[in-house]
Amino acid sequence: MNSPIASLLWRHLRVYQIFGANTEVGKTVFATLLSRAAKRRCQQETVTFLKPVSTGAVEEADERCKHLQRFAATTTRKTLFQYQLPLSPHLAAPASGQPVPSDHVLLARCHDFAAQCASEGPGWLFLETAGGVHSPAPSGTTQADMYMPLRAPTVLVADPRLGGISQTIAAFESLHIRGYDVVSVLLFRNAKYKNHTFLADYFTERHGLPVTSIAEPPGRLEDCQRDADAMDEYYASGHCEETAGQILHHLDSRHAHRIDSLHSLASKAHKHIWYPFTQHSLLDSKDITTVDSAHGDCFQTLAPSSDADRQPLLRSSFDGSASWWTQGLGHSNPNLTLAAAYAAGRYGHVLFAASAHAPALELAETLLDGMRNPRLNRVFYSDNGSTGTEVAAKMALRAARLRYGWPVDARLGMLALRGGYHGDTMGAMDMAEPSAFNEKVEWYEGKGYWFDYPSILCVNGAWTVTAPAGLTKDLGHPTSYHSLAAIFDLDRRESRGEHEGYEMYIRKVLSTLQRQGRTFGSLIIEPVVVGAGGMELVDPLFQRTLVNVVRQSPHLFDTRGGSPASPKDSHDWSGLPVIFDEVFTGLYRLGRFTSSSFLGVHPDISVHAKLLTGGLVPLCATLASEHIFDAFGTCDKTDALLHGHSYTAHPVGCQVAVESLREMQAMDARGAWDWAKAQGWRTPVLNETAGPDDLPWSVWPHSLVTYLSQQKATVKGAWALGSVLAIHLRDDAGTGYSSNAALTLREALRKGVEVGAARPWNVHSRVLGNVLYLMASQMTTETTIKQIERLLQESLA
């Protein structure tokens, strides 16, 4: 099985990637100069030249090798993939009749070759790319994108020819925007164009980047011996040797500085940074994960035994929490990066009070179209999910107060679910019941009533709906279903009357609250999954019934005893405005654009963040109906929704969100997750009219969930939906945020595949009390899931 690929970093092996701003700019000559200087510097060290992909006649490749062999005599040389046709690799590879290597295979070969070099002792490895920065790899991916996971510090060979200034700056920016550390720019001097003069000033002034130029090598001579003698003289010249030595000293210093910085980062952070959700009295600097970079599904983290000379300093750590649920299209996704750069270059940031810009409007239209909710017509932008839910509360409470005629100072509460979590700002906290998140916060004043609810777990292989202890009389005894699809077949369950007990319970609670004189302004729920409150998979039939009862019961909320105004049309709210907090559960996290589609009911207000921007920048969108909007529509400015912040609808975030949603919708349309839907989730359902797209599925195999559920000694139950897997561990002391039951499993995953392996990797995960959850991105591959499945099973065993 292909294991994840870590960045190329060893203490004693200095690895540098050589990119060219164009073809024929002298990459091999500069590699030879650096190799010679490295051998001069320390005869005991190995110097290796790697050309991952080469095209053209074998004789030409041999000529390059002979060049290195002759002029850097002790250098080891290696070409991984050689194609004889003198074409771009994406054309030469398929024409060769050989299997075209995937990007992963090519990178794995590079990594394994570097690891072999590292095992042989101290030295240097120069990795030369083919052609220019964006020349394609055999797969068709451009080199700038393909080599990103290796994150080798880069030497850029500039173009000294006419047009070379533009070509070089463009090449640098392509690398820089993708996170490459370009540490040196090298080029030949050309007396006619003097590109070296301009580029030296440009890069030094703008980037503090050294630019080194040397005389051009002599032109090729027809007589082979005379040509070789001329090159010998060129390489041996005092200027070349001295300059190459200076470049090498700079590269050596950068390598040492990078390693020192990595090793000191955690201790410095421990001194100065106040971490979120962290009790610092229990945190030691050794417990802090040092992240060097991230790509795809993985962080590149400092390995625990990285002091050993021949051990890799970095390992791949699967981002098991999707970076607090934000990752959808992978870390350092080039498309999102370019979208952000485009908007930053076009707009920077512009104020959004009575202004408009294209990214904000396009995003609003994309969200409203994707929701397929006939009630929603307006989009309000804020910065994160917590403020987005506060905006939603302001909207809903105003609409309810006006319709029911309550005074401005009326104390309005929220109807919600136990364990519900809507953010950490003061207003968002007040929507949640007292818990470890808020009960010690001085200004907290919970305003609401929080319903108990039945939840779903796969227990010993059976999908079971279970009511909280003490409520089985109201909510029913545990009921098993043959599949998760059967539980989500809400129409069929309603036809059997399964919702009736829920309905009676909800009406009884609401009637009691009315008799107590409680006044409520809205219902807010996280559709399908209560997230931070414990990763509870809520019976969707209960949530649907709750929404329906609230909408059918305006008489239970009118504390004046009169008759509130009737809804204006079928898209108007009734009973109470309904808010769906889809910050976590929306935008394909559970496998669908909107998690409300699982319930078959439309909210009046919907809040979206997290996956909205694919994990790149903060942004939140609160979607509302026109009828909610109208509640703020008087001519008195103080009746407006006076909420906002400096970066409302910032163009960078909106443009990135447009790109993120566009890509995920395209993946959905082309069946990018069909492999996941086929993993045992397509079991027969009782509703014969249900199509494949109506059934719940997960990237985590059905067989894995069944296996986990059968580990009765340690696992209470498990569930998976979309990209989320939740494992509820047994804890005799109880459950909840203060439980430590999941820590042992978390540490086993953190240990991962031992560092001594050629490509070490682990899983970086988070726990919620007795629950360990793992979250894939929307681009995670089947191979990666199987790797984690195996590690998870080994860790539990």
Side-chain angles (χ1 to χ4, degrees), residues 321-328 367 370-373 376 384-386 388-389 392 416-423 428 431-432 451 453-457 484 487-488 490 523-544 546-547 578-615 619-623 657 660-661 664-665 668 673 676 694-700 719-726 766 768 771 773-778:
S321 68
S323 282
W324 268 339
W325 318 346
T326 64
Q327 283 301 317
L367 282 168
M371 291 295 292
R372 298 181 183 176
N373 179 344
L376 301 180
N384 60 57
S386 185
T389 58
L417 299 184
R418 287 208 178 278
Y421 174 89
H422 306 288
M431 290 186 266
F451 281 90
Y453 52 84
S455 57
I456 304 167
L457 276 179
L484 185 61
I487 294 176
F488 276 81
L490 303 190
L523 166 67
I524 182 170
I525 61 173
E526 298 165 83
V528 185
V529 178
V530 169
M535 283 295 165
E536 296 283 357
L537 183 59
V538 184
D539 183 358
L541 182 59
F542 179 85
Q543 289 192 324
R544 175 150 115 174
L546 177 59
V547 172
V578 175
I579 302 169
F580 278 6
D581 175 356
E582 293 198 55
V583 168
F584 165 47
T585 63
L587 304 180
Y588 296 107
R589 179 59 72 201
L590 302 184
R592 299 182 182 182
F593 188 94
T594 168
S595 54
S596 64
S597 64
F598 286 106
L599 306 186
V601 290
H602 293 303
D604 304 293
I605 303 171
S606 185
V607 188
H608 298 270
K610 302 292 187 185
L611 282 175
L612 183 61
T613 60
L619 188 70
C620 182
T622 301
L623 283 56
S660 176
L661 295 182
M664 288 191 288
Q665 287 177 312
D668 190 15
W673 303 304
D694 298 322
L695 303 179
W697 58 273
S698 176
V699 298
W700 305 98
W719 63 265
L721 187 62
S723 58
V724 186
L725 170 68
R766 300 282 298 178
L768 291 167
V771 180
Y773 66 88
L774 294 175
M775 211 170 293
S777 75
Q778 278 42 60

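Values below: every heavy atom of this structure, side chains too, minus hydrogens, waters and symmetry copies.
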**Study point:** Set of residues satisfying side chain to side chain donor-acceptor pair (under 3.5 Å) with respect to Gln543, sequence neighbours excluded
**Key:** none
When rounded to the nearest 0.5 angstrom, what is the spacing between [atom1] in [X] and [atom2] in [Y]?
X: Leu599; Y: Ile525; atom1: CG; atom2: CD1; result: 6.0 Å
X: Ser723; Y: Leu611; atom1: OG; atom2: CG; result: 7.0 Å
X: Ser455; Y: Met535; atom1: OG; atom2: CE; result: 14.0 Å
X: Ile579; Y: Thr389; atom1: CD1; atom2: OG1; result: 8.0 Å

Taking all non-hydrogen atoms of both residues, which atom of [X] and which atom of [Y] are closest, and how far apart?
X: Arg592; Y: Leu695; value: NH2-N, 4.0 Å
X: Leu590; Y: Pro527; value: CD1-O, 4.3 Å
X: Trp700; Y: Ala776; value: CZ2-N, 4.1 Å
X: Met371; Y: Leu376; value: CE-CD1, 4.1 Å
X: Cys620; Y: Asn384; value: CB-O, 3.3 Å
X: Gly370; Y: Gln665; value: CA-NE2, 4.2 Å

Are any of the side-chain heavy atoms of [X] and [Y] separated by less than 4.5 Å?
X: Val724; Y: Val529; value: no
X: Tyr421; Y: Phe584; value: no
X: Pro454; Y: Leu541; value: no
X: Ile487; Y: Pro540; value: yes
X: Leu417; Y: Phe542; value: yes
X: Asn373; Y: Thr594; value: no
X: Leu725; Y: Ser698; value: no
X: Phe451; Y: Leu523; value: no

Practice item. Give the ring-plane orientation class for Trp673 versus Tyr588, where under 30° counts as parallel, over 60° as perpendicular and anything between as tilted. Key: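 Ring orientation of Trp673 relative to Tyr588: tilted.
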Practice item. Kindly assign one of parallel, tilted or perpendicular to the pair Tyr773 and Trp325, based on the angle between their ring planes and the thresholds 30° and 60°. Key: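 Correct class here is perpendicular.
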Practice item. Take Leu537 and Val528 through the test side-chain contact (heavy atoms from CB on, under 4.5 Å) and record every step on the way to the result. Key: CA-CA 6 Å; Leu537 183 59; Val528 185; 3.6 Å; yes
Review point. Taking the side chain from Thr622 and the backbone from Val607, do they hold a donor-acceptor pair closer than 3.5 Å?
Key: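 Checked: no pair found.
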Point to revise | Tyr453 side-chain N/O to Asp539 backbone N/O, donor-acceptor pair under 3.5 Å | key: no
Point to revise | side-chain contact (heavy atoms from CB on, under 4.5 Å) between Met775 and Arg766, intermediate numbers included | key: CA-CA 10 Å; Met775 211 170 293; Arg766 300 282 298 178; over 6 Å; no
Check your understanding: How far apart are the C-alpha atoms of His602 and Arg372, what are their side-chain angles, what is the distance that settles it, and do they pass the side-chain contact (heavy atoms from CB on, under 4.5 Å) test?
Key -> CA-CA 9 Å; His602 293 303; Arg372 298 181 183 176; 5.7 Å; no
Practice item. Go through the steps for Glu582 and Ser595 under the test side chain to side chain donor-acceptor pair (under 3.5 Å), then give the verdict. Key: CA-CA 7 Å; Glu582 293 198 55; Ser595 54; 2.9 Å; yes
Check your understanding: Can you list every pair that meets salt bridge (Lys or Arg N to Asp or Glu O under 4.0 Å) and has a residue in residues 601-610, with sequence neighbours left out?
Key -> Arg375-Asp604, Arg551-Asp604
Practice item. Could you walk me through whether Phe598 and Thr585 pass side-chain contact (heavy atoms from CB on, under 4.5 Å), step by step? Key: CA-CA 11 Å; Phe598 286 106; Thr585 63; over 6 Å; no
